[in-house]
Amino acid sequence: MATRLQFENSCDVGVFSKLTNAYCLVAIGGSENFYSAFESELADVIPVIKTSIAGTRIIGRLCAGNKKGLLVPHTTTDQELQHLRNSLPDQVVVQRIEEKLSALGNCIACNDHVALTHTDLDRETEEIIADVLGVEVFRQTIAGNILVGSYCAFSNRGGLVHPHTSIEDLDELSTLLQVPLVAGTINRGSDVIAAGMTVNDWTAFCGSDTTATELSVIESVFKLREAQPSAIVDEMRKSLIDSYV
Amino acid sequence: MDANMFVVPQTRGTVLCCKCGISMAPNPANMCVTCLRSEVDITEGLRKHVTIMHCPECSSYLQPPKTWIKAQLESKELLTFCVKRLETDLKKVRLVNAEFIWTEPHSKRIKVKLKVQKEVLNGAILEQSYVVEYVQQDHMCESCTRFQANPDQWVASVQLRQRVSHRRTFFYLEQVILKHDAAVNAIKIKQMDQGLDFFFANRSHAVKFVEFLGKVAPTKSRHDKQLVSHDPKNNSYNYKYTFSVEISPICREDLICLPPRVAASLGNLGPLVICTKVTNNITLLDPFTLRQCFLDTDQYWRHSFKSLLGSRQLVEYDVFNVEVVSPEYNLGGAKYVLADVEVARVTDYGKLFYIRTHLGHILKPGDRALGYDLYGANSNDIELDKYRGLNIPEAILIKKSYEEKRQKKRGKPRSWKLKSLDMELDESKGRAHEEKMDSEYEEFLRDLEENPELRFNLSLYRNKDYQPSEMVSVSDADDVPSVALEELLADLDLIEQEDNEDSMRE
């Protein structure tokens with residue numbers, strides 16, 4: 001189910017939040033409404049964690065992660081890192097990386113199996129990504145833009161890319177990611193997809209400017225209509241219960 | 001290198017319009033054109049109703065603050081004018097096209113469709129057309145108001161005068177003015193005693209006319225102005241300008257006794273001279289020595305003089321005997337031969353005169369000639385008195401008379417005619433004056449027939465009513481001089497074609 005919301009009158013919800021299949025990070029500050037929106041959807045399924053990274057609220061764009069791990073930039077303070085380690089479930093590995101391109105959210109787009117990265121990323125970073133997130137890494141551009149993390153958003157079910165992406169590119173990316181892709185817009189015609197929305201396998205959150213057409217496109221490509229959170233999370237629950245015992 | 005490069009062909013995909021969901025090619029706004037149009041109105045803030053002033057008399061439109069532009073409905077000038085009125089608005093957008101939408105002329109509305117382009121939302125350029133309605137308000141322009149208030153209103157007038165008792169000069173000038181269209185700007189022309197008055201709406205027209213007159217006649221002019229109104233706030237003054245132009249009283253065929261100073265300055269030209277041609281120079285011919293001299297306008301007015309005897313005082317003489325004395329002289333195109341002739345006045349055959357004349361080339365015994373009777377004249381001229389010991393001849397012949405031959409042709413219309421200026425006639429003079437004018441005009445026409453050089457500056461028109469007579473006499477050298485058909489201008493009338501064929505048969 002896709003939800004429309006705003007963070008402090010801004011429709012760029014993908015900037016202030018990060019959603020994966022195992023956890024959800026939300027920025028501090030602003031009204032509690034933002035937090036409540038996430039809570040109401042996700043509370044009994046995955047933890048919703050309030051945090052800041054490097055003292056800023058733009059956490060969605062600074063970190064990258066999936067259910068297996070979370071990568072944070074070198075500017076993250078020790079307290080924040082500790083807070084994250086404490087709040088996140090144990091199987092999620094939190095790793096701080098030394099990388100010149102510190103806005104990891106803009107440079108890396110990933111789901112639980114594949115990651116697309118900025119073409120100029122360091123070799124070591126690439127190895128760490130493959131290691132920590134347990135994914136296959138591909139260096140790619142989307143519609144000629146190198147900031148792949150900004151111009152596309154994908155989950156394990158589907159993906160949405162920049163509207164000017166050519167058909168050949170779509171085919172190529174689709175083959176790499178092994179998910180259906182569609183070129184579209186978010187927030188009333190904006191082409192910065194990942195800034196306007198955040199998505200996981202059963203739910204998505206979009207900016208309130210998103211039109212009905214865009215919303216229907218999102219729901220159809222990410223297959224959110226029939227998605228039930230329980231089915232997916234039950235697998236994880238089993239492992240959780242294991243450790244609990 | 002380019003040939004070997006493999007470039008992946010890029011086909012643009014389609015996205016759904018974010019508003020209406022129809023499939024479209026991606027654009028910077030990512031909305032289909034209709035949705036974009038409904039979102040953004042680039043004509044917002046542009047004027048859709050404008051009022052313009054129109055003068056119903058001269059169908060011109062006001063461009064504030066003061067200019068009136070003449071334009072017809074649905075013309076290019078009107079379109080330019082309408083677009084110019086919207087100049088401030090069109091600075092915000094770019095104008096691509098403008099055209100008229102037809103409206104009923106009586107509705108006093110003009111509609112113009114404008115197509116404009118503007119950049120919106122992230123660099124997409126939107127093109128939109130809209131209609132501007134102009135409401136036409138009737139308001140008479142200044143010149144029409146002034147004209148309506150007083151149609152006789154003039155700003156400048158030229159008073160043309162010649163102090164002689166005949167109007168030959170004015171008939172001739174009328175034709176010259178017609179030929180050169182010099183009085184085309186005159187609002188009114190009035191015939192006055194001893195002259196003509198021309199009225200103009202503009203001082204510069206009057207000045208141009210005065211200069212034109214200076215070129216065709218020896219004139220002296222002066223000007224004056226009279227204050228009509230004065231606006232103390234703008235310090236602007238309205239004047240009435242008057243130009244007084246006087247033509248010298250010397251005419252063709254006049255007999256002149258030159259004052260001693262003038263005669264001396266012209267190289268002791270015999271004090272008695274005949275004036276042969278008047279343009280802006282006066283040509284003087286001494287009939288006894290066949291010397292010709294020119295007097296400039298300035299030269300004349302410096303020491304002005306009057307003529308001794310004018311063409312009204314010409315008397316008919318019968319020629320009995322001609323003896324050529326000198327060879328033929330060619331003076332500026334005209335031929336003269338000195339001869340001694342024996343003449344007598346037609347009214348008094350009793351007295352015979354033996355005189356010298358310059359008309360030896362055309363006079364034969366039995367001819368009639370016109371000349372001045374100095375024997376019988378009682379001249380009251382101061383100049384003549386100044387000369388002591390001057391031998392005055394008894395008569396001076398001026399030209400040959402074709403009176404008898406003209407009798408035959410009396411009543412028959414001429415093959416040519418003249419146009420005339422539209423002038424107000426002097427009503428106060430009465431019947432006798434009118435008859436005098438008619439006879440003077442007839443003489444003028446005869447003059448034109450006899451002198452080809454006089455016709456040079458004028459336009460003669462073919463007379464539609466003229467029928468060539470069947471009894472065309474065998475031309476002999478003595479025939480009445482007439483105007484050759486080749487010299488005539490066809491009137492701008494298509495019916496003239498038939499006349500052409502008729503005259504050709506001759």
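None of the values given here were measured: they were computed from a predicted structure. Protein chains get the first letters and strands the later ones, always in sequence-line order, with residue 1 at the start of each.
A donor-acceptor contact closer than 3.5 angstrom links the side chains of A:Gln6 and A:Ser208. Under 3.5 Å, the side chains of A:Thr20 and A:Asn66 contain no donor-acceptor pair of N or O atoms. Between the side chains of A:Gln140 and A:Glu172, at least one donor N or O lies within less than 3.5 Å of an accepting N or O. Between A:Glu168 and B:Thr11, the side chains place a donor N or O and an acceptor N or O closer than 3.5 Å (distance only, hydrogens not considered).
Interface residue A:Thr165: only backbone heavy atoms are found under 4.5 Å from chain B.
When each of A:Thr211, A:Ile186, A:Thr213 is scored by its heavy-atom pairs under 4.5 Å with chain B, the top score falls to A:Thr213.
For B:Cys17 against B:Cys32, the heavy-atom pair with the smallest separation is SG-N, 3.3 Å. Residues A:Gly65 and A:Lys18 share a closest heavy-atom pair of N-CE, 4.0 Å. Across B:Leu73 and B:Pro105, no two heavy atoms sit closer than the pair CD1-CB, 3.9 Å.
Residue B:Lys111 qualifies as open at atom NZ: its count of foreign heavy atoms under 6.0 Å is 12 or below. Around the NZ atom of B:Lys113, the shell of radius 6.0 Å holds no more than 12 heavy atoms that belong to other residues, nucleotides or ligands.
Scanning residues 32-41 of chain A against chain B with a 4.5 Å non-hydrogen threshold yields no residues. By a heavy-atom distance cut of under 4.5 Å, A:Ala183, A:Gly184, A:Thr185 are the residues of residues 173-185 of chain A near chain B, going up by number. Scanning residues 109-119 of chain A against chain B with a 4.5 Å non-hydrogen threshold yields no residues.
Judged by the 6.0 Å distance and 45° axis criteria, B:Lys225 is not positioned over the aromatic ring of B:Tyr241. Cation-pi geometry between B:Lys240 and B:Trp154 is met: under 6.0 angstrom from the ring centre, within 45 degrees of the axis.
Sorted by first and then second residue, the pairs that involve residues 142-188 of chain A and meet ring pair (Phe, Tyr, Trp, His ring centres under 6.0 Å), not counting sequence neighbours, are A:Tyr151-A:His162, A:His162-A:His164.
Of the possible polar contacts, none joining the A:Ser190 side chain to the A:Asn187 backbone as a donor-acceptor pair under 3.5 Å is found.
Between B:His230 and B:Tyr237, the ring planes lie parallel to each other; the angle is under 30°, not in the 30° to 60° tilted range.
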